[in-house]
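Take a look at the structure below.
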Amino acid sequence: METIRIKYLSDKIEKLRYIDGKSDWIDLRAAERIELKQGEFRLIPLGIAMELPKGFEAHIVPRSSTFKNFGIIQTNHCGIVDESYCGNTDQWFFPAYAMRDTVIEVNDRICQFRIFEHQPAISFEETENLGNENRGGIGSTGKQ
Ligand SMILES: O=c1ccn([C@H]2C[C@H](O)[C@@H](COP(=O)(O)OP(=O)(O)OP(=O)(O)O)O2)c(=O)[nH]1
C-alpha cells in the first residue's frame with residue numbers, strides 16, 4: 001500500500017477515491033465550471049496538488065466516456081506528473097480542446113490517473129551499427 005499526501009485546492013469537488021478491485025485508475029474532477037466554444041483550448045483545473053510516493057510519477061488520461069460526454073480531447077494525450085511537481089500550488093490540470101460547444105460542470109469526472117514507478121536511469125551509447133535484423137519500418141506488417 002502506498003500513501004499519497006494530497007492537498008485540495010477546492011472545496012467544491014469530492015475527495016479522491018481508490019476503488020479497490022474495480023480499476024487501478026482514480027477519477028479526477030473539474031474544479032471549475034468551464035464553458036468552451038468549439039475550437040477553444042483551456043487548462044481545466046483539477047483542484048488537487050499531491051506529493052507522489054518517492055520514485056513514482058503519475059499519468060493522466062481521459063476517461064473513455066470523456067469525449068462522448070463533454071466533446072473534449074486531452075491535447076497532450078497523456079499527461080505526465082513529475083515527482084517534483086509537489087508544491088502547494090502545483091495544481092494538476094487537464095489540457096482540453098473542445099471539438100464542439102460544451103459545458104463542464106464543477107465536480108464532473110473528466111479524467112483519471114494512476115502512478116507508475118520511474119524507469120531506471122538511462123545513458124546513451126552512440127554506435128554506427130546496431131547489429132540487429134531490421135524489422136521493416138512502420139506499417140510493414142500490413143493492415144490485416
Ligand atoms: O496533463 C498534465 C500534464 C502536466 N501537468 C503538470 C505536472 C507536470 O509535472 C507539470 C509539467 O508538465 P510537463 O513537464 O509535461 O510540461 P512542460 O510543458 O515540459 O512544462 P515544464 O516546463 O513545467 O516542465 O505539469 C498536469 O497537471 N497535467
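In each ligand, atom 1 is the first atom listed, and ligand 1 is the first ligand listed. Computed over heavy atoms, backbone and side chain alike; hydrogens, waters and symmetry mates excluded.
Under a hydrophobic clustering in which Ile, Leu, Val, Met, Phe, Trp and Tyr are joined whenever their side-chain heavy atoms come within less than 4.5 Å, directly or via other members, F41 and F93 fall into the same cluster. Y8 and I110 fall within the same hydrophobic cluster, defined by Ile, Leu, Val, Met, Phe, Trp and Tyr side-chain heavy atoms under 4.5 Å apart, directly or through other members.
Considering backbone and side-chain atoms alike, P95 places every N or O at 3.5 Å or more from each N or O of ligand 1.
Protein heavy atom in closest approach to atom 9 (O) of ligand 1: D82 OD2, 2.8 Å. I80 O, 3.5 Å is the protein heavy atom nearest to atom 4 (C) of ligand 1. The protein heavy atom nearest to atom 6 (C) of ligand 1 is Y85 CZ, 3.6 Å.
Using a cut-off of 4.0 Å between Lys/Arg side-chain N and Asp/Glu carboxylate O, R135 and E133 are scored as not salt-bridged. The pair R63-D27 counts as a salt bridge, with a side-chain nitrogen and a carboxylate oxygen less than 4.0 angstrom apart.
Within a 4.0 Å radius of atom 18 (O) of ligand 1, the protein has no heavy atom. For atom 28 (N) of ligand 1, the protein comes within 4.0 Å by at least one heavy atom. Protein heavy atoms all stay at least 4.0 Å away from atom 23 (O) of ligand 1.
Under 4.0 angstrom from ligand 1, the non-hydrogen atoms of N76 all belong to its side chain. Contact annotation: for I60 versus ligand 1, heavy atoms closer than 4.0 Å belong to the side chain alone. Contacts of F93 with ligand 1, taken as heavy-atom pairs under 4.0 Å, involve both backbone and side chain.
Other residues, nucleotides and ligands place more than 12 heavy atoms under 6.0 Å from the CD1 atom of I122.
Per-residue contacts place W92 under 4.0 angstrom from the following atoms of ligand 1 (heavy atoms of the residue considered): 27 (O). Per-residue contacts place G79 under 4.0 angstrom from the following atoms of ligand 1 (heavy atoms of the residue considered): 1 (O), 2 (C), 3 (C).
Counting heavy atoms from C-beta outward, I72 and I44 have side chains that approach closer than 4.5 Å.
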Inset, instruction - Starting from the C-alpha separation in whole Å, work towards a yes-or-no answer on side chain to side chain contact (heavy atoms under 4.5 Å, CB included) for R100 and L36. - result: CA-CA 8 Å; R100 57 168 167 83; L36 292 172; over 6 Å; no

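For an aromatic pair to be called close, the ring centres must be under 6.0 Å apart, and H59 with F113 fails this.
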